[in-house]
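Written out below as structure tokens is the structure these notes cover.
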Amino acid sequence: MFADLAQLTISGLATGAIYALAAMGFTLLWQTSSTINFAQGEFVMVPAFIMLGFLGIGMPLIFAFALTLAASALIFGVGFKRAVVDPMIRHGVLPLAIAAMALSLALQQGVKLVFGAEARSVPDILPDGVTRIVGVAVSYRDVGVLVISFVLILGLQLFLARTLTGRAMQASAQNPDGARVLGINVDRMILYTFLANAALASIAALLVTPIYLAKFDLGGPLGLKAFCAAIIGGFNQMHGALAGGLLIGVIENLTGAYFAPQYKDAAALVLFVIVILFKPEGLFGRREERRV
Amino acid sequence: MTPILSAANVSKHYGAIRAVDDVSFTVAPGEIFGVIGPNGSGKTTLFNCVLGQIRPDGGRVAFQDRDITGAGPLALSRLGIGRTFQSLQVFGGLTVRDNVIAAAQEHRGTLWSRLFAAPEIGLGAKADETLALFELAPHAGKLAGGLSYGQQKLLDMAMAFMADPALVMLDEPAAGVNPRLIEMIRQLLQRLNRERGTTFVVIEHNMDFVMALCQRIMVLAEGRVLAVGTPAEIRSNPAVLEAYLGA
Amino acid sequence: MRTALRIAALVAILAALIVAPQYLRNYGIYLLSLWSLFAIAAMGLNLTLGYAGQMSLAQAAFLGIGAYAVALLVKAGVPFWVGVPLATLVAFAVGLLLGFPALRVQHHYLAFATLGFNVLVYLAIRNEDWLTGGSMGIGQVMGFAGMPRPSIFGYSLRRGIDFYYLCLAMLCLSTLLVWLLLRSPWGRAFAALRDNPVRAESLAIDIRAYTLLAFAIGAGLAGFAGAFYAPLVQLFDPSPFGLLESLSLLLMVVVGGSGRFWGPHIGAALVLLLPHWLQALLPAWLGPPDQWYLFVFGIAVLVLLTWCPGGLLAIPDRLRARAQ
Amino acid sequence: MAKTTRREALGILGGAAAVGLARPAIAQQPQTVKFVNVVELSGAGVTSGTNWRDGIELAVRELNAAGGILGRRIEVQHLDTASNPGQARALVTRAIDQDPYILFGPVFSGSVMVSMAVAQEARMPQFTGGEATAITAQGNPYIFRTSFSQVQAMPKVAAYLKDQVRAQSVSIIWVNNDFGKGGRDAIMAELQRRGVRVAIDVSTEQNQVDFSSAVLRAKNANADALFVYLNEDESARILREIRRQGYDKPIIGETVLPSQQVIELAGDAANGIRGHVGLTVNAPIPAIQDFSRRFQAAFNRISDHNGIKGFFAVHVVNAVTKRLGRFDRQAFAEAMKNIRITTADAPGVLMDVSYDDKGNLDRDSFLVEVRNGRQEVVAVLPPIGRS
């Protein structure tokens with residue numbers, strides 16, 4: 001009984017860590033530029049295919065990933081900001097969110113057009129295999145995903161809190177006018193957050209696609225979970241996204257095992273609706289003044 | 001005569017800061033009552049307490065002897081209290097004429113009867129009359145969002161009068177408006193006060209405007225009532241001068 | 001003069017819609033019927049989103065509620081023409097419930113809350129197969145002849161073309177009703193709620209009531225469309241009522257022009273009809289448009305929104321604003 | 001052929017002239033014959049649909065190279081249902097507007113069920129890849145299978161579980177869509193009939209990624225064997241999870257689980273799974289192995305059972321049309337009743353096959369096991385009619 005619970009919790013945490021990676025970038029974009037990125041799932045899906053492309057011409061995995069990181073920083077960092085967010089942001093939060101939905105449609109269909117609709121397997125950088133700890137089967141993969149995600153998220157937090165650039169980014173997010181007065185190049189700081197988001201999404205792609213498989217529609221469910229994680233955790237708190245992701249991963253698994261597997265997908269949403277209604281700032285979020 | 005609006009010992013604290021501290025005042029029917037004070041003196045907080053945007057920590061507010069402490073904006077507007085806002089607040093996507101009709105339509109019939117009512121719900125003539133009064137008639141068919149700042153300010157005010165309120169609370173009506181328009185607004189308000197007996201409570205920074213408009217003025221400083229009196233009395237009150245010059 | 005021109009254009013389009021089936025085969029007629037119904041559902045969303053300013057990503061769920069409600073009522077022996085208002089009412093009532101979150105949260109939070117609701121409705125339809133037939137579709141509970149097409153005054157609407165005229169008539173009816181609603185004081189109150197809820201409340205406009213009503217009426221229209229969708233397709237499963245379709249309905253409204261009266265009609269045509277016209281008009285080497293249409297559509301919407309977020313119908317205004 | 005009504009004639013004229021929703025249908029050159037294939041080219045059914053399409057393509061190319069059917073070139077159009085039944089129904093309507101000789105697809109049973117009535121009304125013979133039992137239970141004389149139905153296949157699986165695996169209890173994990181649900185209902189009934197206890201019955205989602213809770217439940221039920229009935233991608237994922245949790249009881253599947261795509265996606269995790277397949281390129285039959293080589297040369301991948309089904313369907317059409325000596329849909333449908341086609345007659349059908357009067361087919365099938373990343377046939381099962 002305990003072993004089962006531990007098993008479910010560990011694999012739930014590993015799944016949740018992936019959600020958290022996607023959710024973090026989501027939160028970053030929201031904080032710095034009020035962007036609700038409905039295409040977040042596609043930001044994970046497309047790099048997977050870029051990487052497959054590089055692998056296809058015989059490149060080793062590490063190089064392929066490095067190039068993917070660069071490409072996705074260019075497309076989803078610089079390109080997304082300049083081509084979609086900058087022109088849309090003055091029209092308001094909602095039109096920008098809808099534009100992101102259109103982008104998500106275009107990316108999905110574009111990948112389908114080029115690579116076809118079939119799933120492809122992606123090589124795994126994490127070792128295969130299982131170890132037993134007090135009777136609980138723990139896979140190296142789960143541990144690897146958890147460790148990498150935690151390191152990334154904590155690293156990002158430290159970066160934001162401790163370095164000059166990081167603080168400038170935070171200042172730009174919280175009070176852009178004030179930051180400008182202090183001589184911070186706000187636009188550049190915002191660009192950095194877009195780059196960070198693109199990088200997080202690419203790493204998420206590297207971690208998930210061996211299991212999710214590279215497929216043009218993989219972004220939908222992943223993006224949805226990332227939204228839920230970000231909101232449940234608190235849209236304005238970086239560690240909220242982490243907590244939200246982990247919470248969803250675990251709750252889904254427990255629902256699937258002990259309650260009703262056919263409503264597994266609903267677990268996150270129910271939690272999410274409850275949070276939205278009763279604590280819209282999220283479980284770990286700060287209360288935001290409602291801007292009229 | 002019972003006052004149309006009375007506040008008794010109204011207080012609102014934010015932590016250690018006493019934004020409004022034990023403020024009492026009464027406004028008689030047909031009066032134009034001004035509230036002034038330096039920045040941070042608690043004018044806006046007091047206004048919001050009276051208008052139900054914020055619930056006061058203590059004290060009572062009454063309208064025509066009816067307790068309205070903490071009643072929401074909807075309830076107050078239904079009782080016949082009109083208001084304008086410090087920032088521009090019109091319905092940008094509706095025409096000017098629809099703006100003024102929207103401002104009064106909810107006082108007619110019930111929710112369901114309005115669904116089946118004629119589009120103008122019998123307010124067409126009144127809307128035209130009000131627009132003429134506020135010199136907005138030539139713009140009646142334009143979208144309100146496309147008007148100039150001054151015109152929107154006038155429209156905002158016109159909307160507050162559409163439902164024939166007994167009391168109108170004006171939040172800085174002269175802010176950001178050119179002198180010619182300020183004068184026009186003053187004359188309009190005095191005319192409405194004279195002809196329709198509308199009572200006004202005005203928060204304002206512009207001293208000349210307040211002195212010329214109001215019959216009685218209350219001065220707030222640091223959340224407390226510093227003085228109440230006619231414009232002449234206020235002008236000659238040393239405490240008021242000190243509060244302003246000292247600030 | 002302009003009004004006369006508009007009426008003339010309207011009459012011409014309606015005439016074209018009435019004559020069109022004479023020149024179309026079954027699939028073309030089916031698509032036009034589908035367009036009529038999606039235009040109704042999109043009109044509902046336009047009311048909620050475009051006129052009352054309340055974000056909803058659950059419109060397809062209401063389409064589904066309407067479709068399943070009418071099918072189950074007919075199966076239980078209720079006549080179709082009684083089932084339609086009942087199904088509409090069910091969607092209306094559920095929409096009213098969905099309005100409550102909107103009283104607490106706004107904008108993107110509301111988008112997410114409604115999105116969550118859509119997924120829950122979808123899962124419930126799919127999982128409760130004792131009632132709905134689950135993923136095997138309504139045929140599982142009604143038999144695989146599916147939802148019968150209705151008759152009107154004893155005249156059967158079994159044939160595709162007859163049923164299309166019914167759908168078109170319902171579109172005209174809905175369009176007229178929505179037009180009347182928007183002209184009524186309610187329409188004005190919805191716009192006030194959208195433009196400035198704080199100001200609206202200070203003018204005795206009960207924003208709680210109007211928010212709930214905006215959701216409920218929008219949902220009711222989708223339910224009404226769903227009640228005709230059921231006999232149009234006859235057999236259906238939960239998949240047309242998922243998140244993707246809600247997104248598609250949202251894009252229809254936004255592309256046509258959110259808050260523009262004819263936006264939903266145009267948006268629905270762009271999504272449902274244009275790819276098939278393109279098929280006939282474009283050279284063959286471009287390949288079948290089904291394969292690339294959604295890609296091009298997504299890009300086009302993106303470009304349109306960045307350039308003119310008001311949608312297609314806002315372009316003239318925008319050009320005028322530029323010229324000045 | 002269907003009579004051309006005045007409206008249709010008008011429609012053709014008008015379509016050519018103006019709107020274009022109607023493309024010329026009857027105005028095809030006399031020396032061609034038209035096929036329309038409505039199938040899952042994206043969505044959950046993409047693997048099945050793509051293989052099915054490629055099987056059809058291969059057969060059509062080869063037949064055209066050899067002079068077509070009765071001297072007419074075959075023209076084939078593929079339409080994507082996106083694995084959405086509503087879309088499938090609409091596309092079948094569209095296909096019929098093109099007035100093809102034969103309709104192919106869909107593969108997903110849910111899509112077949114909602115769309116077959118449309119084809120029936122147009123008296124259009126339809127070759128489907130669907131396996132749901134209900135397809136041929138509607139009394140539709142125009143629908144023909146290309147594989148076993150779930151009620152034909154599941155008895156073989158259940159017998160295998162009972163007699164060869166010697167399982168007294170079985171855990172079932174299935175995907176909650178029309179395909180999974182149909183299979184689960186069929187196997188449950190067969191297991192119960194044979195006195196095999198179903199220890200637990202776990203539903204999973206299409207697109208599900210994390211199968212740890214499903215596998216854990218199955219594991220804890222402690223049954224003698226596990227029966228897995230999911231689509232390709234999910235099968236691959238669950239196999240990895242099963243290995244991860246160190247499950248050591250036999251894992252049995254039907255058709256999909258031991259299929260080529262799953263083996264490719266799951267890698268080592270697929271080793272050791274066993275199952276029943278109606279068709280496989282690894283069958284010890286020279287014609288099938290030869291087909292497999294040609295398929296791989298043409299499409300650069302190994303065909304799964306659906307590739308064979310598509311190829312087979314075209315060749316059945318060819319064989320029956322040749323026997324009739326003319327293109328006549330009504331006669332075709334009638335000729336299909338209780339027909340027997342042998343490879344001696346028509347090598348393209350790959351294996352001897354017989355149809356009953358409802359559109360069900362019968363032929364040999366195979367028990368397979370995955371060893372070292374390859375599917376190997378361990379036994380050939382005779383047709384049900386002779387078993």
Side-chain angles (χ1 to χ4, degrees), chain A residues 30 34-36 38-39 83-88 90-114 217 220-221 224 227-228 230-231 235 260-266 268-278 280-282 290-292, chain C residues 49 53 55 57 100-101 103-120 122-124 126-129 134-135 196-199 242-244 247-248 250-251 253-255 258 287 291-311:
Chain A
W30 168 247
S34 309
T35 304
I36 317 276
F38 268 95
V84 181
V85 176
D86 285 350
M88 283 304 291
R90 66 200 151 93
H91 299 311
V93 172
L94 222 51
L96 179 53
I98 294 170
M101 289 180 204
L103 177 67
S104 129
L105 179 71
L107 287 174
Q108 276 191 29
Q109 297 296 323
V111 167
K112 184 175 147 195
L113 206 58
V114 178
D217 58 1
L224 189 60
F227 299 146
C228 291
I231 290 192
F235 222 16
Q262 69 271 31
Y263 282 104
K264 186 172 181 271
D265 273 0
L269 288 164
V270 169
L271 181 62
F272 158 83
V273 169
I274 292 173
V275 166
I276 268 195
L277 288 185
F278 298 104
E281 71 274 17
R290 227 170 109 173
R291 284 169 262 181
V292 180
Chain C
L49 172 73
M55 184 69 176
L57 270 173
F100 279 96
L103 300 178
R104 296 187 62 99
V105 293
Q106 280 286 308
H107 302 311
H108 49 287
Y109 284 112
L110 187 56
F112 289 124
T114 51
L115 179 153
F117 169 80
N118 197 325
V119 175
L120 292 180
Y122 173 83
L123 285 176
R126 213 232 13 222
N127 289 336
E128 304 308 321
D129 39 9
S135 50
N196 196 333
V198 174
R199 180 57 163 152
L243 212 50
L244 274 180
L247 191 66
S248 170
L250 178 72
L251 288 182
V253 170
V254 171
V255 167
S258 166
Q291 276 171 26
W292 49 258
Y293 182 75
L294 279 178
F295 172 63
V296 175
F297 178 73
I299 301 274
V301 173
L302 200 57
V303 173
L304 173 73
L305 286 180
T306 44
W307 181 64
C308 183

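All chains are named by letter (A, B, ...) in the order of the sequence lines, taking the proteins before the strands, and each is independently numbered beginning at 1. A quick note: this is a predicted structure, and the numbers were derived from the prediction, not measured.
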* Please determine, among C:Val303, C:Asn127, C:Leu115, the option with the most heavy-atom pairs under 4.5 Å with chain A. => C:Asn127
* Contact winner vs chain A - C:Pro309, C:Ala124, C:Ala113, C:Gly116, heavy-atom pairs under 4.5 Å -> C:Pro309
Of the backbone (N, CA, C, O) and the side chain (C-beta and beyond), which part of [X] lies under 4.5 Å from a heavy atom of chain C, both, or neither?
X: A:Leu224; result: side chain
X: A:Leu113; result: side chain
X: A:Leu103; result: both
X: A:Tyr263; result: both

* Asked: Which word best sums up how the rings of C:Phe112 and A:Phe227 line up, parallel for under 30°, tilted for 30 to 60°, or perpendicular for over 60°?
  -> tilted
With only heavy atoms counted, which part of [X] is less than 4.5 Å from chain A, the side chain, the backbone, both or neither?
X: C:Ala300; answer: neither
X: C:Leu302; answer: both
X: C:Leu247; answer: side chain
X: C:Leu304; answer: neither
X: C:Leu243; answer: side chain
X: C:Leu251; answer: side chain

* Look only at the side chain of C:Thr114 and the backbone of C:Leu110, and say whether a donor-acceptor pair between them is shorter than 3.5 Å. => yes
Nearest atoms (heavy-atom pairs only) where [X] meets [Y]:
X: A:Met88; Y: A:Leu96; answer: CB-CD1, 3.5 Å
X: A:Ala100; Y: A:Ala39; answer: O-CB, 3.6 Å
X: A:Gly282; Y: A:Val275; answer: CA-CG1, 4.0 Å
X: A:Cys228; Y: A:Leu269; answer: SG-CD2, 3.9 Å

* **Stepwise side-chain contact (heavy atoms from CB on, under 4.5 Å) check, C:Tyr293 with C:Val296** => CA-CA 5 Å; C:Tyr293 182 75; C:Val296 175; 5.5 Å; no
* Asked: Does C:Leu57 reach the side chain of A:Phe38, with side-chain heavy atoms less than 4.5 Å apart?
  -> yes
* Are any non-hydrogen side-chain atoms of C:Leu250 and C:Met55 less than 4.5 angstrom apart? -> yes
For chain C, the option from [options] that forms the most heavy-atom pairs under 4.5 Å:
options: A:Ile231, A:Val84, A:Val273; answer: A:Ile231
options: A:Gly220, A:Ala83, A:Pro87, A:Ala99; answer: A:Ala99
options: A:Gln108, A:Arg90, A:Met101, A:His91; answer: A:His91

* **Rounded distance (nearest 0.5 Å) linking atom OG of A:Ser34 with atom CG of A:Leu94** => 12.0 Å
